[in-house]
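Below is one structure, written out as structure tokens; comments come after it.
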Amino acid sequence: MLSIQFVRENFDAVVRNTANKNTTLDISAFPTLDAERRELITKGQDLKALRNTVSEEIARLKKAKENADDKIAEMRSVGDTIKSIDDRLRAIEEELDNLLLLIPNMTHESVVVGKSAEENIEIRRKDGVIGNQPDKAWRKDHIELCKLHGLVDFERGAKIAGSGFPLYTGKGARLERALLNFFLDQNTGRGYDETMPPFVVNTTSMRGTGQLPKFAEDLYRCADDDLYLIPTSEVPLTNIHRDDILSAEELPKKITGYSACFRREAGSYGKDTRGFLRLHQFNKVELLKFVHPEDSYNELELMLNDVENLLTLLGLNYRIISLVTGDTGFSSAKTYDFEVWSPCEQKWLECSSCSNFEDFQARRANIRFKRDANAKPEFVHTLNGSGLATSRIMVALLESYQQEDGSIVIPDVLRSYTGFDQIG
RNA sequence: GGAGAGAUGGCUGAGUGGCCGAAAGCAACGGUUUGCUAAACCGUCGUAAUGUUUAAGCAUUACCGAGGGUUCGAAUCCCUCUCUCUCCGCCA
């Protein structure tokens, strides 16, 4: 979230930023609420100071066995006034909090103002070993390939859980596991500490990274336990350091971890429902960094290199795009997406999203660091990116590496993980 | 699921109604001493909000797991919740 002071001092910019992010949010009540809050605080403070001094006096009088009845009576009424002020203050602060929690993060000055994904800007692209993918009539799409080789059983997944919950089978299950292991090994080799987080989190954790309160309808919830299935391991990984004060030497702190991800995808029914393109459950290896505020944009670029490493080794065609304000997420200050090429869909598919959240999540989750032992704690900056999500990678990989006879060649870097060189 | 114990500052840990925002120890930081290391000694050493000045500061208030209550006054008494630990049971 943004600090209350920042919103106070940059109100117009906050309103503009909210509009640039295509967010409809009326924050016109803020200035009044803010002013009233401060007035009540001052009033309450003064009365409490009075109560404290008179109470001490009462203690003295009682010790000296003197009468303090009228002072006690006076303080009783002061206490009532304090209570009513505190009650109103609590109500106003709740209203303010509800507002602040819904204000999106400010985008970085380098982010281009734009309405939607169509205006996103391509930064660079790279052709993999599979070349520029000329159209081939014999090419089968990833769904046909899965059927042909028994890699995924979408029907049985739907029977067991519902559509969007794939059942990986045979070499498909093995390939999925190979990808995840490959990603984790690469990432740990580049300085990320490996973790495996809980796949469910509590409300506080969801609020810390910004999923709540705004995106409740996108989450699976276990109502009896007040737990949520994570939509991304960004949530548990960021909350590792909730309420912590890190030392400066610990930064940058880099973490990678696998989790299954669960998304209700409410509101997107009927879009991309085929195969792997949009799932309710998918697998992802996440990259996460806690960094010095002044380093965060450099760290974002370094994170792009980490993701590129994976795509390059897999030999897939990919491109990096910089999101315009209208397509940048609620919590993010700046986001780059990675997309891999699907030769059958003839489309770029998002497979990673790398964001700098600056101190937006750190403030919500209270993640701080100290520059040295006597320094005042400051909020860290948090970044995360997928490295990588498997489902779209699986699409690109199967479609790109298929041969004319329908068999699929396994990229070299994966063979030690799969234990086979080809499928079919 | 059953029974019990607990939650205090970076850590250990005292504190059961009034100079307690909190003893003491450890750690950390600054300094003195010192051939080096070590030790000893002295000092500093929580967070946040509000006000004021705005560089630093100063003042007030709040915070002893969270939220309520009693009281002139709560770390301390009462209620609710959360979490942790131990034992038993069950189970991957």
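Quick note on labels: first sequence line is chain A, next is B, and so on, each numbered from 1. Keep in mind it's a predicted model, so treat the numbers as computed, not measured. Heavy-atom basis, side chains included; hydrogens, waters and symmetry copies ignored.
Identified under the salt bridge (charged side-chain N to carboxylate O under 4.0 Å, His left out) test for residues 16-29 of chain A, with sequence neighbours left out: none. For residues 77-116 of chain A, the set of pairs meeting the ring pair (Phe, Tyr, Trp, His ring centres under 6.0 Å) definition, not counting sequence neighbours, comprises A/H108-A/Y297. Annotation: salt bridge (charged side-chain N to carboxylate O under 4.0 Å, His left out) contacts involving residues 296-316 of chain A, sequence neighbours excluded, comprise A/R124-A/E308, A/R190-A/D306, A/K289-A/E299.
Remark: the separation of the P atoms in B/rC81 and B/rG4 is 16 Å, to the nearest Å. Here, B/rU16 and B/rA3 have their C1' atoms 27 Å apart, quoted to the whole Å.
Residues passing the salt bridge (Lys or Arg N to Asp or Glu O under 4.0 Å) test with A/E286, sequence neighbours excluded: A/K284. A/N20 meets the side chain to side chain contact (heavy atoms under 4.5 Å, CB included) test with A/V113, A/T325; sequence neighbours excluded. Applying the salt bridge (Lys or Arg N to Asp or Glu O under 4.0 Å) criterion to A/D153, with sequence neighbours excluded, gives A/R156. Evaluation of the salt bridge (Lys or Arg N to Asp or Glu O under 4.0 Å) rule for A/D97 yields no partner, not counting sequence neighbours. Listed by chain and number, the residues in a salt bridge (Lys or Arg N to Asp or Glu O under 4.0 Å) with A/R177 amount to none (sequence neighbours excluded). Shown here are the ring-ring contact (aromatic ring centres under 6.0 Å, His included) partners of A/F360, two or more places apart in sequence or in another chain: A/F330.
Looking at residues 81-106 of chain A, you'll see A/K83, A/R90 sit with a heavy atom under 4.0 Å from some atom of RNA chain B. Proximity of residues 54-63 of chain A to RNA chain B (heavy atom under 4.0 angstrom from any strand atom) is restricted to A/S55, A/I58, A/A59, A/K62.
Across all strands shown, A/K48 has heavy atoms under 4.0 Å from sugar-phosphate atoms exclusively, and none from any base. A/R8 comes within 4.0 angstrom of the backbone, heavy atoms only, and of no base.
You can see that RNA chain B meets the heavy atoms of chain A within a 4.0 Å-exclusive cut from B/rG18 to B/rG73, reading 5' to 3'.
Residues A/E399 and A/S342 have side chains that bring a donor and an acceptor to within less than 3.5 angstrom of each other.
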